[in-house]
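See structure below.
Counting starts at 1 for both ligands and their atoms, following the listed order.
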Amino acid sequence: MNDHIGTDGGAVPAGNGRPPRVVIAGGGFAGVEAARTLIREDVQVTLIDRRNYHLFQPLLYQIATAILQPSDIAVPLRRLFGRHGNALVLMDSVVGIRTAEKAVVTAAGKTLPYDHLILAPGAETSYFGNDAWRKHSFGLKSLDDAARIRQQVLLAFERAEMTDSEEERKRLLTFAIVGGGPNGIGAAVSLVELARDVLARDFRHIDPSMPRIVVMEAGERILPASSERHAGYAARVLREKKVELRVKSEVSKVDEAGVFIGDERIVAGTVIWTAGVKACPVAEWLGVEPAKGGRIEVTEVLTAPGHEDIYVLGDAALARGRDGKPLPGLAAVARQQGKFAARRILSRIQGRGRNDAFRYRDYGDMVPLGRAKAAARLGRMELTGIVAWVLWAAAHIVLLFDRRRQLMVLNNWFWAFAMKRNAARVIVEQRDLTLYHARSDSRDQSAPGRGP
Ligand SMILES: Cc1cc2nc3c(=O)[nH]c(=O)nc-3n(C[C@H](O)[C@H](O)[C@H](O)COP(=O)(O)OP(=O)(O)OC[C@H]3O[C@@H](n4cnc5c(N)ncnc54)[C@H](O)[C@@H]3O)c2cc1C
């Protein structure tokens, strides 16, 4: 059945008369979109992902803030492709590529030959070389990260309720968010709503004004990719909600007691790091020099330079728009690239030799700002407030995978936004987070169930 899988060191040679083999590394937005297009044709698709699910990252912060449950935003890859006879899903990690042999090498020791290869492993949290900061802060990139933030926030309230020390209560209820991009801002607003409107009222020794949320941004303003108007609107929303906003405030150190901005220490029980990502090590796999952020600067047809049959897509790629500027790391970019690469592969297989360049269609962008507020750009039209929020909500519901998840998300939003009762507030495991931090240096970010 799996005649396209060889054992280590021995790629299965391409045979005549068999369907062309396309291997896809990464079941994120780019990989899934490519696979969906390819499986409709007579092509053997092998999709490899280190997880067994596709994750809808734009709603990850809602897992961290107890609005949604993990299964609301993650769909098993086998659910998407398991019933297609020409698709093989493997839960495995790509660790290298033998370009001369045209084969992918995996952590489980498989060698997978390909005729066409799509590399879309996305990006991971980057601490800009300060990797020691990782153990004192929480990234927001995986389901595991988001679930740990939720656990940490809920435990912070439980411990604040019990402590006799005002100082300790203050520390526990201070949440520092590093990074004023859409993820940091979305998380900050959602966290302040959870802390002040939902959690604080359920405790006897916590006053709703006590939780302190501080957002630190190194640049001149928050939301650097959005318009001045939208950044100003978001800043106003944050101020109304009493989130402390610190711009031109580069974090110089993160340690067990909180963060430093220059010499100023901000004591915080929880530090959430949303300040940077770097591409997964595609450059290393291909043996090429990476561009900014570890990405591969791709050709205008999204192939790796010098490799006509290897496509690099999504957050792992540095592709340029018509204006020559790098395209942003967005799900929409990744999805459009996935479709483009799949169609180009099909046209080459069918001998049509499509050679037009990839052009990103920018329909707009949206930043959620908590309950019934958002900033949305549709083409050149800019909207704020509840209208923008409705658009944001509709766009996200439509993009969820199936009706069941759409209904679950709508239901959870109703309880969180209308009734102020975030559903996912159960502390599943009383893990000692200090221990978790101390032992997490050697962790594999993606490994499920890591920790003590
Ligand atoms: C918190 C957060 C919020 C966001 N919000 C938005 C938003 O509102 N709007 C928007 O447009 N974009 C948003 N983004 C960005 C968007 O999610 C990414 O741009 C998009 O996911 C990139 O798609 P991708 O296919 O390149 O990678 P991903 O979707 O990250 O998928 C990569 C896949 O590759 C797998 N993988 C990684 N390494 C390996 C390996 N070695 N072997 C096998 N598999 C591997 C991973 O498990 C993963 O499934 C957000 C991102 C985050 C983190």
Side-chain angles (χ1 to χ4, degrees), residues 23-35 46-65 73-77 89-97 104-108 110 112 118-126 138-146 149 179 181-187 190 225-226 272-274 276-277 279-282 284-285 295-296 302 311-319 327-338 341 360 362-368 374-376 392 395-396 399 444-448:
V23 174
I24 303 175
F29 285 100
V32 161
E33 200 60 36
T46 303
L47 176 62
I48 313 163
D49 199 296
R50 60 187 178 183
R51 306 170 181 142
N52 78 336
Y53 57 85
H54 167 77
L55 179 64
F56 193 80
Q57 290 178 40
L59 292 178
L60 209 46
Y61 77 96
Q62 295 198 355
I63 304 291
T65 50
I73 64 159
V75 63
L77 288 167
V89 176
L90 298 177
M91 187 179 158
D92 198 352
S93 284
V94 172
V95 291
I97 295 157
V104 171
V105 183
T106 75
K110 300 285 184 198
L112 308 167
I118 292 178
L119 299 175
E124 55 198 29
T125 304
S126 167
F138 293 83
L140 185 53
K141 193 73 186 101
S142 66
L143 212 45
D144 191 43
D145 289 337
I149 292 175
N183 298 345
I185 299 303
S190 199
S226 301
I272 300 173
W273 181 270
T274 68
V277 290
C280 287
V282 176
E284 209 177 285
W285 300 343
R295 292 177 292 171
I296 299 274
L302 307 180
Y311 296 79
V312 186
L313 313 178
D315 285 359
L318 193 159
L327 294 176
L330 289 175
V333 173
R335 295 180 76 219
Q336 289 181 29
Q337 290 182 335
Y360 170 55
D362 178 8
Y363 297 109
D365 52 57
M366 299 176 191
V367 181
W392 169 87
H396 284 71
L399 287 174
D444 168 6
Q445 282 238 344
S446 65

Legend entry - Candidate pair I24 and I48, rule side-chain contact (heavy atoms from CB on, under 4.5 Å), full reasoning: CA-CA 6 Å; I24 303 175; I48 313 163; over 6 Å; no
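- Heavy atoms only, all atoms of each residue included: R335 and L399 are closest at NH1-CD2, 3.1 Å.
- The closest approach between a heavy atom of A120 and any atom of ligand 1 is below 4.0 Å.
- Contacts between D92 and ligand 1, counted as non-hydrogen atom pairs separated by less than 4.0 Å, involve the backbone only.
- By the criterion of a heavy-atom distance under 4.0 Å, both the backbone and the side chain of V94 are placed next to ligand 1.
- For the residues P58, P121, A107, the heavy atom positioned nearest atom 36 (N) of ligand 1 is part of P121.
- Distances shorter than 4.0 angstrom do not occur between any heavy atom of A25 and any atom of ligand 1.
- Contact between W285 and ligand 1 is present, with at least one heavy atom of the residue lying under 4.0 Å from the ligand.
- The aromatic rings of F56 and H396 lie perpendicular to each other, with more than 60° between the two planes, well past the 30° mark.
- When only interatomic distances are considered, the shortest N/O to N/O separation between Y53 and ligand 1 does not fall below 3.5 Å.
- When G31, A331, A316 are ranked by how near their heavy atoms come to atom 11 (O) of ligand 1, first place goes to A331.
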Legend entry - Derivation and outcome, side-chain contact (heavy atoms from CB on, under 4.5 Å), residues I73 and I63: CA-CA 9 Å; I73 64 159; I63 304 291; 3.6 Å; yes
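- Residue nearest to atom 48 (C) of ligand 1, selected from T125, V32, D49: D49 (by heavy-atom distance).
- If you check each of A30, G27, G338, G314 against atom 25 (O) of ligand 1, the one with the closest non-hydrogen atom is A30.
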